[in-house]
Amino acid sequence: MRILLAGIPGILERPLAQALAGHHQLLTFTGDTRSLADCEAATDCDVVIHGLAGVDGESDRLDAATRGTWNLLTTTRARRYVLLSSMDIYTQYDAGWHVDESWSPRPTTDIDQLAPYLAEVASREISRNRPIECRVLRLDEIVLAETFADGPVQPRWLHIDDAVAAIVRAATVDRLSDELAR
C-alpha cells in the first residue's frame, strides 16, 4: 500500500515511519497543502495520513486546516484519509467529564481548537461527495516513553506507542467496524 504522510507532527514522524515502512511504501508530502499544484503532484497513493503540523501564524494555520484539507482530499486518488486532529476541541468541558466519541466538540475561537475542528468539518463534508473514507483521530498530548517513566503521568498524556498504533490501525485495517468489535 502507498501511504502519503503530510504534516505529521515532529514527535510522530520517525516512529510512525518506522511502524509503516516494513509493510508499506511511504511517500512524504514535501509541499504546502495550501498549494493545489503541490497536492496535485502527490495524488498517487492509497492512504493519506494528514497532520496539521508545520505552519506558523494563526491565519496560516486556519488556511492550512481548511484549504489544505480541501486540496488534499479533492486531488488525491486515495481511498482512505486519516486526519490527526486534537482533543483540544473538548477543553470547554469541565475536567470531571468523561468525553468519548459520542460527544460534540465545543471549540472556541482559539486557534489550537478551531483549526483542527475546521479540518474535521472539511474532511467530513468532502467525504460525503467523494469516494474516500475519512477517519479522524483526536489525539491528546503525545509524550515519549521517557516522560511516562519520569512521571507523574498527567491526565491528557498519550503515550507515543499508543498514538502510533492507533494511526497504523486507522490507516491499514480493512474494515473499521471489525476493528471496533475487538
Side-chain angles (χ1 to χ4, degrees), residues 4-17 19 28-36 38-39 47-74 76 80-127 134-148 150-171:
L4 177 67
L5 302 176
I8 305 301
I11 192 170
L12 286 172
E13 283 178 323
R14 173 173 271 146
L16 182 58
T28 302
F29 185 83
T30 56
D32 185 341
T33 59
R34 296 170 294 174
S35 165
L36 188 60
D38 287 353
C39 291
V47 176
V48 175
I49 301 175
H50 181 207
L52 300 174
V55 180
D56 293 326
E58 288 190 356
S59 62
D60 289 337
R61 287 179 62 196
L62 284 176
D63 193 28
T66 53
R67 184 168 42 142
T69 300
W70 176 272
N71 287 344
L72 277 173
L73 280 168
T74 58
T76 189
R80 182 173 297 163
Y81 171 81
V82 179
L83 174 65
L84 306 182
S85 188
S86 172
M87 287 296 290
D88 285 344
I89 60 179
Y90 292 104
T91 58
Q92 286 296 102
Y93 289 107
D94 293 330
W97 293 101
H98 176 73
V99 175
D100 65 19
E101 60 276 354
S102 67
W103 285 59
S104 296
R106 292 177 61 185
T108 66
T109 56
D110 179 89
I111 195 70
D112 291 330
Q113 295 177 32
L114 193 57
Y117 176 72
L118 291 175
E120 288 183 21
V121 170
S123 64
R124 181 181 61 233
E125 292 304 314
I126 294 165
S127 69
C134 288
R135 297 179 179 176
V136 174
L137 296 180
R138 293 176 177 146
L139 306 174
D140 242 332
E141 181 185 345
I142 301 167
V143 296
L144 300 172
E146 298 80 28
T147 307
F148 266 90
D150 292 343
V153 175
Q154 300 300 309
R156 292 205 49 203
W157 283 3
L158 174 60
H159 194 287
I160 191 164
D161 294 343
D162 293 332
V164 168
I167 296 165
V168 169
R169 274 193 308 270

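All heavy atoms count here, side chains included; hydrogens, waters and symmetry mates do not.
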Taking every non-hydrogen atom, the tightest pair across R80 and A170:
CD-O, 3.2 Å

Give, for atom CZ of R106 and atom CD of Q113, the distance between the pair rounded to the nearest 0.5 Å.
10.5 Å

Minimum heavy-atom distance H50-T69, with the two atoms named
CE1-OG1, 3.5 Å

Parallel under 30°, tilted from 30 to 60°, perpendicular over 60°: which one fits the rings of H159 and F148?
tilted

Is there a side-chain contact between V143 and Q154 in this structure, where contact means two heavy atoms from C-beta onward sitting under 4.5 Å apart?
no

Nearest-0.5 Å distance that lies between atom OG in S85 and atom CG in L137
9.0 Å

Close side-chain approach of L83 and C134, heavy atoms under 4.5 Å
no

More than 12 heavy atoms of other groups within 6.0 Å of R156 CZ
yes

Of all heavy-atom pairs linking V47 and A171, the shortest is CG2-O, 3.6 Å

Just so I know, are the side chains of R124 and V136 near enough to count as touching, which here means a heavy-atom distance under 4.5 Å?
no

Hey, what do you get for CG (L72) to CD1 (I126), rounding to the nearest 0.5 Å?
9.0 Å

Does T66 reach the side chain of W70, with side-chain heavy atoms less than 4.5 Å apart?
no

Checking side-chain contact (heavy atoms from CB on, under 4.5 Å) for the pair T147/V153: CA distance, chi angles, key distance, verdict?
CA-CA 8 Å; T147 307; V153 175; over 6 Å; no

One should read off an interatomic distance between I142 CD1 and I167 CD1, to the nearest 0.5 angstrom, of 6.0 Å

E58 side chain vs I111 backbone, donor-acceptor pair below 3.5 Å
no

Hey, what do you get for OH (Y81) to OG1 (T76), rounding to the nearest 0.5 Å?
10.5 Å

How long is the span from the CD1 atom in I89 to the OG1 atom in T108, to the nearest 0.5 Å?
11.0 Å

Could you tell me if the side chain of T33 sits less than 4.5 Å from the side chain of D38, heavy atoms only?
no

Would you mind reporting whether S86 and D112 have side-chain heavy atoms less than 4.5 Å apart?
no

What heavy-atom pair brings S123 and L73 nearest, and what distance separates the two atoms?
CA-CD1, 3.5 Å

Classify the ring geometry of W103 against Y93: parallel below 30°, tilted from 30° to 60°, perpendicular beyond 60°.
perpendicular

Give the minimum heavy-atom separation between E120 and R138, together with the two atoms involved.
OE1-NH2, 2.5 Å

Where G51 and I8 come nearest, the two heavy atoms and their spacing:
N-CD1, 4.1 Å

Measure the shortest side-chain to side-chain distance between P9 and L84 over non-hydrogen atoms and say whether it is less than 4.5 angstrom.
yes

Measure the shortest side-chain to side-chain distance between L12 and I160 over non-hydrogen atoms and say whether it is less than 4.5 angstrom.
yes

List the steps, then state whether side-chain contact (heavy atoms from CB on, under 4.5 Å) holds for V55 with R34.
CA-CA 10 Å; V55 180; R34 296 170 294 174; 4.3 Å; yes

